[in-house]
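Below, chains carry the letters A, B, ... as their sequence lines are ordered, and counting in each starts from 1.
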Number of protein chains: 2
Amino acid sequence: MDGSAGAPGSFPRTAAVVGLGLIGGSLALRLRAAGVRVLGVDLDPGALDLAAQRGAIDAGSVSLDRVAEADLVIVATPLDQVAATVIAAVRWTHRGAVLTDVGSVKAPIIAAVHAALPESVQFVGGHPMAGNEGQGMAAADAALLDGRPFILTPTARTAPEAVAAMQAVIARLGMRPVLLDPVAHDELVAQVSHLPYLVSLALHRAVAADARAIGGPAHAEMTRIARSPAKMWTAICRANRDAILRALARYQAELARLRQGIEAGTPDDVIGGEGA
Amino acid sequence: MDGSAGAPGSFPRTAAVVGLGLIGGSLALRLRAAGVRVLGVDLDPGALDLAAQRGAIDAGSVSLDRVAEADLVIVATPLDQVAATVIAAVRWTHRGAVLTDVGSVKAPIIAAVHAALPESVQFVGGHPMAGNEGQGMAAADAALLDGRPFILTPTARTAPEAVAAMQAVIARLGMRPVLLDPVAHDELVAQVSHLPYLVSLALHRAVAADARAIGGPAHAEMTRIARSPAKMWTAICRANRDAILRALARYQAELARLRQGIEAGTPDDVIGGEGA
């Protein structure tokens, strides 16, 4: 490891954020505000220009080799490109650099990265539990990160120094580091993030347009996330299929139980008690 | 009708709010702030004291006969007591007084009221589309009403003057009057209010406690309404059973379709397209 990685104040000196979308852009804004030199890498020059205009990056590049200057590389590409991007980035990162990502599903990414890279490469799977229904650098907002959990999923081959360095970075981001096993992460996130999206999308689709017009605050709130980018969610549903299906099965069973009580005219038997 | 009922500025001179809970209390606060004399009726002296302390009422009574002084009576009791309370109140209300309610289900209430009372009684079914997960006078907040729809469900026997008077009151409350047929109301509200509660409750129950701890904003938002009083919702599920079951069936079908696509490994076929 680069000795600096252990010292919260000085790590990272330079961070590269690969993928300046909602989350990458928000992390770049917050890192730069914290005094870190931030390099942006994005295939879209427009995203780089906007990131520079918004003060999220010191310099930008459409080419991944720019990560060579960074002691922290945050891969914030679409989920289905995270593993390949991490693997490609390592061709340029210097020895001792720490790599992390922000993907919503961890086990498949970590398996792919471990299969392709030597143990000496310090990749720590990451997942900031933050976001909204927006999309792209234009929707990036450092405030989304405030006080939110940033999950890290180290494995047996992750150097403790790399984990400690990431925990210090997360604190500088104003977020809460949480350590989880990758498989446990995918199971829990299926329940609190992936399932709620499907629930929201189904609710949006089940409600007639004329009903939406008189919708109460609960309906608006519960269908908000259904507007988030479908492309992101299809990738998540492929990558975390089994855990999502388990969570969905539990949810459908709870719903069926509620339905039976209402049908039978005995809602008291299924609503209330512990209620929520 | 009392001639004053037609004149927005002067109607109501005195309003009686029967049931000082979250909605009744919020309406009382806003009416009194608008210069209306407000009488509170509640079986709980504690609710009357709190309403007086909070400036929601000019005077309070545990006895329904106090509605005799009012030209507008708003029945905001629990749903299963609305019809009986309206019918009982009419023993004291003066000729020309307008009665309304805030119940979440309209057709059964209107049928019961019409069956029991002469056509001369001016009852206009009402439903302010406002609220939160709170309960009681302590949670009352006039701001909950701002810009929200207040649905009115007049029928063939409702005097146009009573509807006009209610529309003027709703405007003074800072809300938007919306006219709907009672049956159409119950069908639409089953979709945008009753279904979201069941969806939220099932989601809360399907998510393990350890998962909730890392829950994202979407999860918190989508399980908020599950914390609202179970007793209120069991009454709604009894009163609007058929419309709720229709909405629930549409929702379960959407969810099953999403599940099939995820199971088949082709989420793109079921997510996106029109997405949300």
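- Applying the side-chain hydrogen bond (donor to acceptor under 3.5 Å, both in side chains) rule to Arg224(B) yields the partners Glu221(A), Glu133(B); only residues at least two apart in sequence or on another chain are considered.
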Evaluate the side chain to side chain contact (heavy atoms under 4.5 Å, CB included) criterion for residues Trp233(A) and Asp268(B): first the C-alpha distance (whole Å), next the side-chain angles of each, then the deciding distance (0.1 Å), finally the verdict. CA-CA 9 Å; Trp233(A) 289 106; Asp268(B) 320 61; over 6 Å; no

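- Put simply, the side chain of Leu203(B) does not reach to within 4.5 Å of the side chain of Glu254(A), judged on heavy atoms.
- With a 4.5 angstrom heavy-atom cutoff, Ser200(B) touches chain A via backbone and side-chain atoms both.
- Across all non-hydrogen atoms, the minimal contact from Arg241(B) to Glu263(A) is NH2-O, 2.6 Å.
- Looking at Asn132(A), neither its backbone nor its side chain comes within 4.5 Å of chain B, counting heavy atoms on both sides.
- Contact of Ala249(B) with chain A is made through backbone and side chain together, with heavy-atom distances under 4.5 Å.
- Within the 4.5 angstrom heavy-atom criterion, only side-chain atoms of Arg148(B), from C-beta onward, approach chain A.
- When Leu245(A), Asp210(A), Leu258(A), Ile151(A) are compared by the number of non-hydrogen pairs under 4.5 Å with chain B, Leu245(A) comes out ahead.
- Put simply, of Ala253(A), Ala184(A), Gly215(A), the one with the most heavy-atom pairs under 4.5 Å next to chain B is Gly215(A).
- Counting heavy atoms of neighbouring residues, nucleotides and ligands inside a 6.0 Å radius, atom CG of Leu43(B) does not exceed 12 of them.
- A donor-acceptor contact shorter than 3.5 Å is absent between the side chain of Arg250(A) and the backbone of Val207(B).
- Taking each heavy atom of Ile214(B) and Met129(A) in turn, the nearest pair found is O-CE, 3.1 Å.
- Between chain B and the options Leu248(A), Val178(A), Thr266(A), Leu144(A), heavy-atom pairs under 4.5 Å are most frequent for Leu248(A).
- Highest contact tally toward chain B, considering only Ser193(A), Ala130(A), Ala218(A), is held by Ala218(A) [criterion: heavy-atom pairs under 4.5 Å].
- Taking Ala208(A), Ala190(A), Gly131(A) one by one and counting their heavy-atom pairs under 4.5 Å with chain B, the maximum is reached by Ala208(A).
- Arg238(A) contributes no side-chain N or O that, together with a main-chain N or O of Gly265(B), makes up a donor-acceptor pair within less than 3.5 Å.
- Taking both residues in full, the closest heavy atoms of Met222(B) and Val199(A) are given as CE-CG1, 3.6 Å, listed atom of the first, atom of the second, then distance.
- Top candidate by heavy-atom pairs under 4.5 Å with chain A, chosen from Leu195(B), Ile236(B), Val270(B), Asp242(B), is Val270(B).
- The most heavy-atom pairs under 4.5 Å with chain B, out of Lys231(A), Gln252(A), Arg259(A), come from Arg259(A).
- Both the backbone and the side chain of Leu255(A) have a heavy atom closer than 4.5 Å to some heavy atom of chain B.
- When Ile244(B), Ile225(B), Leu180(B), Leu198(B) are compared by the number of non-hydrogen pairs under 4.5 Å with chain A, Leu198(B) comes out ahead.
- Closest non-hydrogen pair, Ala206(B) versus Tyr251(A), comes out as CB-CA, 3.6 Å.
- A distance of 9.0 Å separates CD in Gln191(A) from CZ in Arg212(B), rounded to the nearest 0.5 Å.
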